[in-house]
Amino acid sequence: MSQPSATPAGLDPKVLSDAVADVTRRVAALAPQMMEKQAADLESSLKDEFGVQKAFGEVVQKLMADPDKMVEAQGKYAADFGQLWQQYMGSLSGQGPKLEPLKDRRFSDEAWSANPWFDFLSRSYLLTAEHMKNAVAKVDGISSQTRAKAMYYTRQIVDAASPSNFALTNPQVLKATADSGGENLVKGLKNMLRDIEKGKGGLRIAMTDTNAFEMGKNVASTPGKVVFQNELMQLLQYLPSTKTVLKRPLLIIPPWINKYYILDLQPKNSFIKWAVDQGHTVFVISWVNPDAKLGSKTFDDYLREGPLAAMDAIARATGEKEVNAIGYCLGGTLLACTLGHLTAKKDHRINSATFFTSLIDFAKPGDLGVYVDEEQVTALEARMKKRGGYMEGSEMAGTFNMLRANDLVWSFYVHNYLLGKDPFPFDLLYWNSDATRMPMAMHLFYLREMYIKNKLVEPGGVTLNGTAIDLSKVKAPTYFISTVEDHIAPWATTYTGAKLLKGKFVLGGSGHIAGIVNPPAANKYGYWTNAKMVDDAQDWLAGATKHEGSWWNDWNKWMASHNKDKLVPARIPGNALKGGKLKSLEDAPGSFAKFRLDKQ
């Protein structure tokens, strides 16, 4: 009688041999690029370009100078750890209350709580991480910038050290390895090599399946035309979906740190399509992805060739001199500059201005401020000069991803490399991976004059296109929408910009992206309003009223109150007989938006 096969599940020897050969070949091919990248990283580290060593040096010095506080912190940690152990053992033995499940998403899989050792490992890690962060936060005698930098990098260290990030201390990974005979680790290594190849020697973690999307098809698909372009931007005009439209066109100024189509991902969550459906003639600036040839472009150029050129083109296209304008993030900062410039010229072409998560006052810029001081900007300037006059897109993208490292770095590290899975198709992450470069002259001006010196809030503090900017003189009605969890433009700081421009301030739920891309149909998050613009942002929130649904509807009511003119026949871009006076150059989203650095 034949015996059943006792061969354990696992990789076929030939498959394993082929995989090893493939990995060896690819590593050999990548070796020169990886060594070059490591050498550059080592040089940057030795120079301490980010000021990490200096910040931690000051922290350690202050801690050593106050041994009583160190002993107190160590004693508190020992006591809390002992209490955790007692609670844990009581729960395990049934003699104490059961511990509440961890809310941290890194440890949400039942594999962590099912095994007592992994359960305690995750809880002790979180306790230790919290004590490390508290120790740095309570150091006396250091500057606010040093404290912010030390706290930020402490958080990066403890996030990287999470047991979820290592194969031997992650029960999900151990189970996947046992179940597949190690196939997950082989696949994960191949995924890592693929991402290093894309990063040309540096690790560029794939967040989504970029092949699942096509610009103009299933993202950025709202019908429209490119009706104007210059060196810095293409101007898109969208086809109407109503027979009549509001008399004043709507101009959207997105940030050039990212691309415009975050507002036009898919029809169900496209702000652009929704605005078209509300009867707006929508124009959007699509910024170029600059190279060394545009490295000398200044902030003045972005003002002149961006919103000013766009309004001139819109006037030719529609016959309307006045527009309603929206600025998103850095695009909102530029919109504020545009308002200041036009006000000084006694030019009233902007009827109303809306700011999506936009900083005007940079006094408290949040975690991004950790990267912006004169030493770091000088080091960045040297790197940009060496590169040829621009900041590489991957460098900017990496900075933003590190602001939410657990969500945008380590979760994908575990998913792609330790579990060996392919990334899911996700429109927002497709957009997030579409990096853009920064021209050197513009970027240095922005960092030094606004982030470091905070000159934009000073009357005449910034001069653009030969005009001193004084935002206190702006009279156009303004609407500010910020989000409660924003890690890029903290809402309490954007609130001061709303006060400066005497605007209406609305606070949405969620963060910098999800809180803005929040269509009414989703019925998510909600928003807060308070007509009293009190001095303190937290006092404003304490007196605010919470509303269900999307702030989009509130904005639409506000817009209606400032646009009571009669409706006009819908304008068809590129069609002179239907109100379009500029020729169509190409279909939206246009060649500027379609150009991707990760496809080069």
Side-chain angles (χ1 to χ4, degrees), residues 44-91 96 99-100 102-104 106-107 119-166 169 362-376 399 402-406 409-410 451-452 454 485 487 490 492-493 536-539:
S44 175
S45 177
L46 291 174
K47 291 180 179 178
D48 194 23
E49 291 183 352
F50 295 104
V52 181
Q53 297 172 33
K54 180 181 178 182
F56 278 120
E58 290 186 33
V59 167
V60 171
Q61 184 181 28
K62 294 298 181 182
L63 284 172
M64 297 297 289
D66 193 351
D68 290 341
K69 182 169 285 189
M70 285 188 65
V71 171
E72 180 184 353
Q74 290 169 351
K76 181 70 166 59
Y77 173 63
D80 287 350
F81 196 92
Q83 184 179 23
L84 172 64
W85 177 253
Q86 289 180 345
Q87 292 173 340
Y88 180 76
M89 291 305 294
S91 174
L99 295 179
E100 290 291 325
L102 293 174
K103 296 180 180 180
D104 194 302
R106 291 172 291 179
F107 311 112
D119 188 30
F120 183 74
L121 177 66
S122 58
R123 294 177 188 276
S124 59
Y125 158 75
L126 291 174
L127 176 66
T128 303
E130 193 63 28
H131 273 270
M132 288 180 65
K133 289 184 283 189
N134 285 339
V136 173
K138 294 178 180 178
V139 174
D140 296 325
I142 58 175
S143 68
S144 58
Q145 175 71 5
T146 297
R147 187 186 309 280
K149 190 173 292 189
M151 290 182 65
Y152 175 79
Y153 284 108
T154 297
R155 190 170 74 245
Q156 297 300 329
I157 291 168
V158 298
D159 286 349
S162 170
S164 58
N165 298 335
F166 300 90
T169 53
F362 290 79
K364 297 179 180 179
D367 283 343
L368 269 180
V370 168
Y371 291 98
V372 187
D373 53 39
E374 186 54 43
E375 291 79 10
Q376 291 184 83
T399 298
M402 291 306 294
L403 295 178
R404 293 176 54 203
N406 284 329
V409 178
W410 296 114
Y451 261 97
I452 295 178
N454 196 22
E485 297 173 8
H487 60 290
T493 306
D536 184 75
Q538 296 299 333
D539 290 342

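The figures here come from the full heavy-atom set of this structure, side chains too, leaving out hydrogens, waters and symmetry mates. In this text the structure is predicted, and so the values were computed from the model without any measurement.
Going from atom CE of M402 over to atom CH2 of W410 covers 7.0 Å, rounded to the nearest 0.5 Å. For the atom pair NZ (K138) and CE (M151), the distance works out to 11.0 Å, reported to the nearest 0.5 Å. Interatomic distance, CZ of R147 versus CD1 of I142, reported as 4.0 Å (0.5 Å rounding).
Within the structure, no pair that satisfies the ring pair (Phe, Tyr, Trp, His ring centres under 6.0 Å) test touches residues 53-72, not counting sequence neighbours. For the side-chain hydrogen bond (donor to acceptor under 3.5 Å, both in side chains) condition, the pairs that include at least one residue of residues 61-73, sequence neighbours left out, are K69-D140.
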Original post:
Taking it one step at a time, do L84 and F120 satisfy side-chain contact (heavy atoms from CB on, under 4.5 Å)?
Top reply: CA-CA 9 Å; L84 172 64; F120 183 74; 4.1 Å; yes
Original post:
Passes side chain to side chain donor-acceptor pair (under 3.5 Å), D159 versus Q156? Steps please.
Top reply: CA-CA 5 Å; D159 286 349; Q156 297 300 329; 5.4 Å; no
Original post:
Are Y125 and T169 close enough, and set up right, to give a side-chain contact (heavy atoms from CB on, under 4.5 Å), and what steps lead you there?
Top reply: CA-CA 11 Å; Y125 158 75; T169 53; over 6 Å; no
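Under the rule for a ring pair (Phe, Tyr, Trp, His ring centres under 6.0 Å), F166 has no partner lying at least two apart in sequence or in another chain. Here T128 pairs with Y77 under the side-chain hydrogen bond (donor to acceptor under 3.5 Å, both in side chains) rule; sequence neighbours left out. In terms of the side chain to side chain contact (heavy atoms under 4.5 Å, CB included) criterion, residue partners of Q83 (sequence neighbours excluded) are, by chain and number, D80, Q87. Residues satisfying the side-chain hydrogen bond (donor to acceptor under 3.5 Å, both in side chains) criterion with Y371, sequence neighbours excluded, are Y152. In this structure R155 satisfies the salt bridge (Lys or Arg N to Asp or Glu O under 4.0 Å) test together with D367, sequence neighbours excluded. By the side chain to side chain contact (heavy atoms under 4.5 Å, CB included) test, A537 pairs with W491, A492, Y495, sequence neighbours left out. Among residues two or more places apart in sequence or in another chain, the salt bridge (Lys or Arg N to Asp or Glu O under 4.0 Å) test is passed with D104 by R106. S162 meets the side-chain hydrogen bond (donor to acceptor under 3.5 Å, both in side chains) test with S164; sequence neighbours excluded. Residues passing the side chain to side chain contact (heavy atoms under 4.5 Å, CB included) test with R404, sequence neighbours excluded: D407, L408, H487. Evaluation of the side-chain hydrogen bond (donor to acceptor under 3.5 Å, both in side chains) rule for S144 yields no partner, not counting sequence neighbours.
Annotation for K364 and T493: closest pair O-OG1, 2.5 Å, computed over non-hydrogen atoms. For the residue pair L121 and P163, the shortest heavy atom distance occurs at CD2-CB, 3.7 Å. In plain terms, the two heavy atoms of I452 and D373 that are nearest each other are CD1-C, 3.7 Å. V136 approaches A150 most closely through the heavy-atom pair CG1-CB, 3.7 Å. Contact between P365 and G369 at its shortest, heavy atoms only, is CG-CA, 3.8 Å.
Residue R123 forms a side chain to side chain contact (heavy atoms under 4.5 Å, CB included) with just one option from L126, D119, L127, and that option is D119.
Side chain of Q376 to main chain of V370: a donor-acceptor pair is present (N/O by atom type, distance under 3.5 Å, no hydrogens or angles).
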